[in-house]
Amino acid sequence: MQMVEISASMVKELREKSGAAMMDCKKALVESSGDFDKAFEWLRQKGVASASKKSSRATSEGLVVGSVDQSGKKAVLVEVNCETDFVAKNEEFVALCNKIAESALEANATTVDAVLAAKAKGGSGTVGEMITAAVAKTGENMQVKRVSLLQIESGEGVIGQYLHTLGGKMGALLKLTSDKKVPEAGASVARELAMHIVSTKPTYMSKEEVPAEVIAEEKRIESGKADLASKKPEMVEKIVQGRVDKIMAERCFLEQPFVKDPGQLVSQYLSAKGKEMGVELKPVQYSLYILGEE
């Protein structure tokens with residue numbers, strides 16, 4: 001077999017035409033000595049392209065799944081889509097999605113391509129090949145839509161995960177860093193706050209993260225409201241600032257009333273729990289997935 005250099009652009013082009021995983025496309029091109037048409041035919045013969053042809057069909061159903069490693073310092077959140085709610089609720093699909101999440105965690109996958117190329121948990125092939133087999137069996141398109149990996153790369157901390165129990169349509173991860181080793185109770189605190197994120201769906205971690213243009217736009221909108229038309233400019237400015245502060249507080253994780261105890265803000269709850277455990281907990285990153293969102 002003549003050896004030819006397989007470029008990334010060749011793999012990308014074949015993937016776009018066939019819908020097959022990048023690893024499959026690269027293998028097809030190698031097997032076909034770089035001949036594009038023969039590579040596509042090879043994919044069809046292997047059943048990869050024929051299964052992936054269904055990629056043009058909508059995949060609005062599916063599951064948000066996740067996996068946390070034993071240390072509590074690394075976790076992954078994955079959205080896997082399918083076509084119908086019937087398949088989404090099927091035990092085999094649920095098991096498939098959990099294997100995808102576990103495989104993504106072991107591979108430290110941060111992109112969809114990395115997930116597809118990861119070694120399938122409990123299997124000999126890749127996640128992409130495992131999905132292809134499931135597509136061929138069910139006749140329904142399945143896709144890994146996105147993945148988020150959070151980890152404590154240095155120092156101390158804990159990752160909290162919460163997956164909504166009703167239908168698996170939402171999930172969140174929260175990364176908390178700490179000044180010292182986090183006691184076991186810290187995992188529960190992180191999970192409760194991840195649940196809060198799923199419930200309230202914040203847009204920002206804190207007020208400091210809100211872009212200046214977003215605040216300016218909110219001020220412009222509030223300033224133009226009819227109930228302020230007859231008020232003096234200096235009064236309008238104070239009222240607008242107060243309203244915008246309230247809006248931003250509703251959107252910022254740390255400023256929100258904690259869902260399990262609305263009498264205190266998330267920041268206050270986190271501070272109190274940290275003192276109980278003798279550590280200082282700092283939220284630095286979160287991921288929130290809602291099935292089907294762009």
Side-chain angles (χ1 to χ4, degrees), residues 16 19 21 52 54-68 75-90 93-94 96-105 109-116 127-128 131 134-135 140-151 159-175 190-207 209-211 213-215 217-218 221 247-256 259 266 283-294:
E16 289 175 349
S52 300
K54 301 182 181 69
S55 61
S56 61
R57 299 193 333 222
T59 51
S60 57
E61 296 295 339
L63 292 174
V64 172
V65 292
S67 183
V68 184
V76 70
L77 198 65
V78 185
E79 179 178 345
V80 185
N81 294 152
C82 59
E83 295 178 52
T84 64
D85 187 52
F86 176 78
V87 166
K89 293 179 178 178
N90 182 278
F93 181 74
V94 174
L96 170 70
C97 291
N98 287 328
K99 283 185 180 179
I100 291 173
E102 291 169 5
S103 304
L105 184 68
T110 58
T111 66
V112 170
D113 285 338
V115 175
L116 297 176
V127 167
I131 293 174
V135 170
E140 182 163 317
N141 184 31
M142 299 173 189
Q143 296 178 338
V144 176
K145 181 179 180 181
R146 51 184 170 164
V147 59
S148 177
L149 177 74
L150 298 190
Q151 56 184 326
I159 307 291
Q161 174 187 270
Y162 179 78
L163 302 173
H164 200 280
T165 54
L166 298 178
K169 306 299 184 184
M170 294 183 286
L173 297 177
L174 174 65
K175 176 180 177 180
R191 183 181 182 279
E192 286 188 339
L193 290 173
M195 180 189 69
H196 171 96
I197 289 171
V198 169
S199 177
T200 63
K201 304 170 183 61
T203 309
Y204 308 100
M205 181 69 80
S206 65
K207 286 182 178 180
E209 290 187 4
V210 183
E213 57 268 25
V214 172
I215 295 176
E217 175 68 7
E218 292 298 335
I221 293 171
I247 291 171
M248 290 301 106
E250 291 172 349
R251 297 181 187 177
C252 298
F253 172 65
L254 289 173
E255 305 298 324
Q256 294 175 332
V259 289
V266 166
V284 294
Q285 188 180 2
Y286 73 86
S287 293
L288 170 65
Y289 281 3
I290 301 172
L291 185 71
E293 70 178 0
E294 294 299 325

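As the structure is a computational prediction, the values presented were derived from the model and not from experiment.
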- Message: Show every salt bridge (Lys or Arg N to Asp or Glu O under 4.0 Å) that has at least one partner inside residues 96-105, sequence neighbours left out.
- Response: none
- Between the OG atom in Ser206 and the CZ atom in Phe253, the distance rounded to the nearest 0.5 Å is 11.0 Å
- To the nearest 0.5 Å, what is the distance between OG1 (Thr203) and CG (Leu288)? 9.5 Å
- Under 3.5 Å donor-acceptor, Glu83 side chain and Asn141 backbone: yes
- Message: Whether the side chain of Lys89 engages the backbone of Phe86 through a donor-acceptor N/O pair (distance < 3.5 Å, no angle test) should be reported.
- Response: no
- Regarding Glu140 and Thr84, is there a side-chain donor-to-acceptor distance under 3.5 Å anywhere? yes
- Name of the residue among Val64, Asn98, Ile100 meeting side-chain contact (heavy atoms from CB on, under 4.5 Å) with Val80: Ile100
- Going by an N to O cut-off under 4.0 Å, is there a salt bridge joining Glu61 and Lys169? yes
- Output field: ring centroids Tyr162/His196 closer than 6.0 Å: no
- Message: Between Gln161 and Ser67 (side chain of the first, backbone of the second, donor and acceptor by atom type, cut-off under 3.5 Å), is there such a pair?
- Response: yes
- Message: Contact between Glu255 and Glu250 at the side-chain level, heavy atoms closer than 4.5 Å - yes or no?
- Response: no
- Query: Any ion pair linking Glu293 and Arg146 (charged N to carboxylate O, less than 4.0 Å)?
  - Reply: yes
- Query: Would a 4.5 Å heavy-atom cut-off, applied to side chains only, mark Asn81 and Leu291 as touching?
  - Reply: yes
- Query: Within the distance-only criterion (no hydrogens, no angle test), does the side chain of Tyr289 pair as donor or acceptor with the backbone N or O of Leu173 below 3.5 angstrom?
  - Reply: no
- Side-chain heavy atoms of Pro283 within contact of Leu193, under 4.5 Å: no
- Heavy atoms, side chains only, cut-off 4.5 Å: are Thr111 and Val115 in contact? no
- Task: Would you sort out whether Val127 and Ile131 count as a side chain to side chain contact (heavy atoms under 4.5 Å, CB included), showing the intermediate values?
- Result: CA-CA 6 Å; Val127 167; Ile131 293 174; 3.9 Å; yes
- Leu163 CG to Leu77 CG distance, which is reported to the nearest 0.5 Å: 6.5 Å
- Look only at the side chain of Glu217 and the backbone of Glu213, and say whether a donor-acceptor pair between them is shorter than 3.5 Å. no
- For the residue pair Cys252 and Val210, establish whether any side-chain heavy-atom pair is separated by less than 4.5 Å. yes
- Message: I'd like to know if the side chain of Tyr204 reaches the main chain of Pro211, judged simply by a donor and an acceptor atom lying under 3.5 Å from each other, with no hydrogens or angles considered.
- Response: no
- Donor-acceptor pair, side chain of Glu79 and main chain of Leu63, under 3.5 angstrom: no
- Distance (rounded to the nearest 0.5 Å) between Arg251 CZ and Glu209 CD: 14.5 Å
- Message: For Gln151, is there any backbone N or O sitting under 3.5 Å from a side-chain donor or acceptor partner on Lys175?
- Response: yes
